[in-house]
Amino acid sequence: MAKTTIINFQFLLPFVIFTLLALTVAANDEAYPTTTTAPDCSLSDELLIKPARREVYGGGRIFDITHQVTVDLPSYDTEGGLLGQFLRLPVSMKNGSFCNISEMKFTTHTGTHVDAPGHFFDHYFDAGFDVDSLDLDVLNGPGLLVDVPRDKNLTAEVLESLNIPKGVRRVLFRTLNTDRQLMFKKFDTSYVGFMADGAKWLVENTDIKLVGVDYLSVAAFDDIISAHHELLRNREIIPVEGLKLDHVPAGLYSIHCLPLRMVGAEGSPVRCILIK
């Protein structure tokens, strides 16, 4: 009987190995999806393989609301209003190195990003209230994506009209900026944002601690200092700016935004997702 068992195991071994390999390949395909124009896997065909870039995952359950960082991203601090070349490859396999290593250069307020209190308060900056000190509990949890009246900035009147329930701690505001696709054009000072009275009303009348907007600044250009001061003064509210909200239905989601742990930085690029 023992001999029979060994023979049967040896017979099944190739099938077990094949099954494990198939599962491994399937897992890799799921984690790193690709599209290809050729059916086989020869070396020449591998050059035709391109990554699949997506904004919706899990059959419509997960939405990526982070903008891609490209040379055409709007930038407030460049001469042409666009980010321009930000990436270089000082270590390159094409030049004889055994691997590729890129380096990047842009401000901490590029694309989708968060602000720390030190962004507009120098004494907070000196005291170390940087992005590494931000509360991840605020940046992750249930919240609302709401549509703002398209012809208005975020004033006290507009905020009150949205009727956001008490107890809601995270709100993403979709505005005319998304309709105008401003995050795909050079920097434009006519973007929609918070006016000082709207920021003050939010602080005094809601429980909101995460404020998300669809352009590079949470504050309207005409109130850029005063509105930021209202939101950041108490170090309780975290602005998340430059969100990509054009493909997401309004409603309730689990919001997840993770900044880099850059000690001393008053802002950081962030990857943000929504989960139904």
Side-chain angles (χ1 to χ4, degrees), residues 29-36 50-76 81-83 86 106 109-115 138-154 158-159 161-164 168-188 190-194 208 210-218 220 238-260 267-276:
D29 286 344
E30 180 66 22
Y32 303 99
T34 60
T35 58
T36 178
K50 296 181 180 180
R53 302 190 187 279
R54 299 176 290 173
E55 294 177 347
V56 182
Y57 299 78
R61 191 176 64 91
I62 302 173
F63 296 89
D64 192 340
I65 57 171
T66 313
H67 276 281
Q68 293 177 325
V69 181
T70 71
V71 296
D72 296 321
L73 202 63
S75 178
Y76 68 92
L82 295 173
L83 179 59
F86 67 94
F106 49 67
H109 300 270
T110 295
T112 306
H113 66 278
V114 296
D115 287 351
V138 172
L139 288 165
N140 295 272
L144 290 174
L145 167 58
V146 300
D147 282 298
V148 176
R150 291 307 198 249
D151 58 342
K152 299 179 182 295
N153 275 307
L154 289 155
V158 169
L159 265 293
S161 73
L162 294 176
N163 295 313
I164 297 170
V168 174
R169 300 182 67 216
R170 303 167 191 86
V171 178
L172 311 182
F173 297 90
R174 180 164 51 200
T175 74
L176 185 63
N177 300 331
T178 293
D179 297 351
R180 295 176 63 195
Q181 295 190 314
L182 290 187
M183 287 295 293
F184 298 93
K185 304 173 182 179
K186 68 179 182 179
F187 184 72
D188 188 335
S190 68
Y191 66 87
V192 170
F194 274 82
I208 298 172
L210 183 153
V211 176
V213 294
D214 51 2
Y215 202 57
L216 292 176
S217 174
V218 68
I238 303 177
V240 183
E241 301 166 327
L243 293 169
K244 190 177 190 301
L245 303 175
D246 56 338
H247 60 293
V248 189
L252 177 65
Y253 295 91
S254 181
I255 300 172
H256 301 277
C257 297
L258 295 175
L260 301 176
S268 169
V270 63
R271 188 71 176 258
C272 288
I273 64 170
L274 300 181
I275 302 177
K276 283 186 178 179

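The structure displayed is predicted, hence computed values, not measured ones.
By the side-chain contact (heavy atoms from CB on, under 4.5 Å) test, K152 is found to be paired with P149, V158, residues two or more places apart in sequence or in another chain being considered. Y215 is linked by a ring pair (Phe, Tyr, Trp, His ring centres under 6.0 Å) to F187, Y191, counting only residues two or more places apart in sequence or in another chain. Here T112 pairs with nothing under the side-chain hydrogen bond (donor to acceptor under 3.5 Å, both in side chains) rule; sequence neighbours left out. Residues passing the salt bridge (charged side-chain N to carboxylate O under 4.0 Å, His left out) test with R150, sequence neighbours excluded: D147, D179. Qualifying ring pair (Phe, Tyr, Trp, His ring centres under 6.0 Å) partners for Y76, counting only residues two or more places apart in sequence or in other chains: none. With sequence neighbours left out, the side-chain hydrogen bond (donor to acceptor under 3.5 Å, both in side chains) criterion links D64 to T66, R271. Judged as a ring pair (Phe, Tyr, Trp, His ring centres under 6.0 Å), and not counting sequence neighbours, the contacts of H109 are H113, H119. Partners of L260 according to the side-chain contact (heavy atoms from CB on, under 4.5 Å) rule, which considers only residues two or more places apart in sequence or in another chain, are M262, S268.
No side-chain heavy atom of R170 sits under 4.5 Å from any side-chain heavy atom of I208.
For residues 245-258, the side-chain hydrogen bond (donor to acceptor under 3.5 Å, both in side chains) pairs, not counting sequence neighbours, are N140-H256, K244-D246, S254-H256. Within the structure, salt bridge (Lys or Arg N to Asp or Glu O under 4.0 Å) contacts touching residues 247-257 (residues at least two apart or in different chains) do not occur.
Between F173 and F194, a ring centre-to-centre spacing shorter than 6.0 Å is recorded.
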